[in-house]
Amino acid sequence: MSTEVLVVGVGMTEFSGHHVDRSIDDLVFEAARTALRDAGAEISAITAIVAAYESDHFIGRMSAGVAWNHLIGAVGLPVVRVEGGGATGALAIQAAHARIAAGVSEAVLVVGGETNGKAVNTETAQRILGLSADTTWETPIVGTFAALYALSITAHMRLYGTRSEHFAHIAVKNRRNAANNPLAHRGMHITVEDVLASRPVADPYRLLDCSLLSDGAAAVLLATPDWARSHSRTAKDRPPVTLAGTGSASDAPRIADRNPEGLAHFAAKRAAAAVAYRMGGIDDPRAQVDVAEIYDSFTGAELQAYGDLGFCEPNEAGSASIDGRFDLGGLIPVNTSGGLLGRGSAVGATGIAQAVEIVNQLRGEVEGARAVEDARVGLTDTHAGVASLAAVNIFRRAA
Amino acid sequence: MMATAHGHQQAGVSAPWFVQDEFAVSSRRTLGLMAPFFHALNDTRLVTTRCPENNWTWFPPRPICPFHGEANEWVELSGNGRVRVAIRSHVVPQGVSFSAPYILAIIDIEGTEGAVTHRVRGADLPAPGARVSLVMVDDGGSHPLSRIAFDVDTSS
């Protein structure tokens, strides 16, 4: 694990409710080429590809990685598909890191995409996504993830006194951030009252507490420092960013298998963060993490993550969500991209798009209102199911 | 410019073109070693498995003990439980006959170490700790689990 792994290129497409004029192949091509252009590198210098997508159903294809290799001019290179529900993109980055750290590859292009927007109708989309929950015992009765997340946040509310207003603030914050992100699916300027007045989905969650389903793709290029010196025309001109830590962990797929306190928490997220923090030299995330992208599939999931990632005590996550510490200009700005609530979620691309945002923040290349000044350490957090599988990645600006 | 039934018209660019791909899948999956649970459910009985080594009673059943690797024994349950947490959902799953809103709860199953996420009938949200009992229902659906629900036991 001693090999330093650099992020030498990043790229993503606009996330959209429906890219009517671009197919999944077009989106993946655009993201991959953008990352290569960002790195100032040629595809011929890449030594492996990791393809990230969750479901064969949305893109209508299996073994898409092989087709994507052909698409981007990488025929002949090894390609492996990674799938881990909502954590797919982050796990793909982790897989690329492992390949480089093991000395198997020098430069790995991680590319992920999904057409979750309108490739299938909403009812079918929910049914397909529900396949990643417990299909024997919970999905036939529960149906949607909204209800499972609602049970989890209700346990948090009972345990800590968390209120709907607390997580409604996250809906406001993330959609406001998305309004400043030209690649976001849907930025909005809304109020807490708007959130609380929106249509109920699964109490306490309402429509504006729920994230977006998007079409989109994203890519990152990871490489050794030696490779970057030899093959990246841009690496010498910008501060190097390393993937300093990466961790993942699992939990029971059925939320009923979690104990009463565990139901309010994401144990897999805690465990994944502990591994990533240890590897990345983080012993006090509140003091050392400057910017974060958290998996806000539902507003309350971001709030719960504040405690489980160590950004605050779990019992103060509610008050912390409204006191500004996770807003732009706060202690740790969270979801400056807009998160899944505003930037959107194209599942296989989501964890990679988070990395794109964090790397751009660490390089100082995010412009305008959502820029975080002098950020040196950034975190991405994703999970599958109701955090039945979690992945946390830590990025660090080396200079 | 050309307008088609498949896409909208945009000045200066060709209209998008879509492929409508119908791919209906009807699958018939065995529930394998879990079959005794569903046979009993069909007979209005709730059963589960118990590890003969340490008497740990699983719910839902685990036909093989994950710790000992040996077959567990099937035991019958009362069908009662207690609500741990409950919410009201405004969206129903596909394939069920009941309508929204409906109440979902995590229910600790009496006589076991486990719990189930399931429907509690009635309009009022049950309080944590409320005692509930298994009932067979007519308004369920095609999946065997949707043909059961829990009622709040008002006598306790």
Side-chain angles (χ1 to χ4, degrees), chain A residues 18-23 26 56-57 60-61 118-120 122-124 126-128 130 133-159 199-207 210 252 254-261 263-264 386, chain B residues 6-8 10 13-19 21 23-25 29 31-32 34 37-38 58-61 81 84-96 98 100-109 113-119 125 128 140-150:
Chain A
H18 196 195
H19 274 300
V20 294
D21 54 352
R22 279 179 289 172
S23 69
D26 299 330
D56 308 320
H57 301 74
R61 179 185 282 163
K118 298 249 179 340
V120 301
T122 303
E123 193 175 58
T124 304
Q126 293 301 333
R127 189 162 191 189
I128 294 169
D134 180 280
T135 54
T136 302
W137 302 101
E138 283 185 334
T139 304
I141 300 301
V142 176
T144 68
F145 271 113
L148 291 170
Y149 276 98
L151 286 161
S152 179
I153 192 65
T154 299
H156 197 279
M157 295 166 87
R158 277 183 49 209
L159 195 59
R199 176 169 62 82
V201 176
D203 296 343
Y205 285 136
R206 294 175 171 273
L207 188 62
C210 308
R254 276 188 346 121
I255 65 165
D257 280 330
R258 301 175 190 180
N259 64 38
E261 185 175 349
L263 184 60
V386 187
Chain B
H6 301 282
H8 62 249
Q10 288 184 338
V13 297
S14 53
W17 189 271
F18 298 100
V19 172
D21 189 13
F23 187 15
V25 175
R29 302 183 301 277
L31 289 169
M34 214 67 86
F37 174 87
F38 291 96
W58 297 91
F59 198 87
R84 191 191 300 170
V85 61
I87 60 118
R88 183 174 285 104
S89 178
H90 300 268
V91 181
V92 293
Q94 286 189 336
V96 301
F98 55 88
Y102 73 112
I103 291 170
L104 267 175
I106 295 179
I107 300 162
D108 291 309
I109 299 298
E113 313 296 333
V116 67
T117 308
H118 218 290
R119 179 166 71 115
L125 211 57
S142 56
H143 194 283
L145 282 175
S146 69
R147 295 201 291 270
I148 63 168
F150 288 83

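Residue numbering restarts at 1 for every chain, and letters A, B, ... go by the order of the sequence lines. Here the structure is a predicted model, which means the values were calculated and not measured. Both backbone and side-chain heavy atoms feed into the values below; hydrogens, waters and symmetry mates do not.
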To check you understand the geometry: which heavy-atom pair defines the closest contact between [X] and [Y], and what is its length?
X	Y	answer
R254(A)	P60(B)	NH2-CD, 2.9 Å
L151(A)	A105(B)	CD2-CA, 4.4 Å
A147(A)	S89(B)	CB-OG, 4.3 Å

Counting only non-hydrogen atoms closer than 4.5 Å, does [X] touch chain B with its backbone (N, CA, C, O), its side chain (CB onward), both, or neither?
X	result
N259(A)	backbone
R22(A)	neither
Q126(A)	neither

Item checked: Choice from L148(A), V142(A), L263(A), I255(A) maximising heavy atom contacts with chain B below 4.5 Å ->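 Option with the greatest count: V142(A).
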Working to the nearest 0.5 angstrom, can you tell me the gap between [X] [atom1] and [Y] [atom2]?
X	Y	atom1	atom2	result
D21(A)	W17(B)	CG	CH2	15.5 Å
I87(B)	S152(A)	CD1	OG	11.0 Å
F18(B)	K118(A)	CZ	NZ	11.0 Å

Check: Checking side chain to side chain contact (heavy atoms under 4.5 Å, CB included) against I141(A), which of V92(B), L104(B), I148(B), V116(B) comes through?
Finding: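 Testing each of V92(B), L104(B), I148(B), V116(B) against I141(A), the sole residue satisfying side chain to side chain contact (heavy atoms under 4.5 Å, CB included) is L104(B).
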Between [X] and chain A, which part of the residue has a heavy atom less than 4.5 Å away: side chain, backbone, both or neither?
X	result
F59(B)	backbone
L125(B)	neither
H143(B)	side chain
V85(B)	both

Note to self: Quick check on the interface: out of A86(B), P128(B), P101(B), A149(B), who has the most heavy-atom pairs with chain A under 4.5 Å?
What the structure shows: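 If we count pairs closer than 4.5 Å to chain A, P128(B) comes out on top.
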Note to self: Which one wins on heavy-atom pair count under 4.5 Å against chain A: E113(B), R29(B), H90(B)?
What the structure shows: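 Ranked by heavy-atom pairs under 4.5 Å with chain A, first place is H90(B).
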Next item on the list: Scan for salt bridge (Lys or Arg N to Asp or Glu O under 4.0 Å) pairs involving residues 84-93 of chain B, sequence neighbours excluded, and state none if there are none.
Entry: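 Matches after skipping sequence neighbours: R84(B)-D108(B).
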Check: Is there any side chain to side chain donor-acceptor pair (under 3.5 Å) pair reaching into residues 135-144 of chain A, and which pairs are they, with sequence neighbours excluded?
Finding: E138(A)-T117(B)
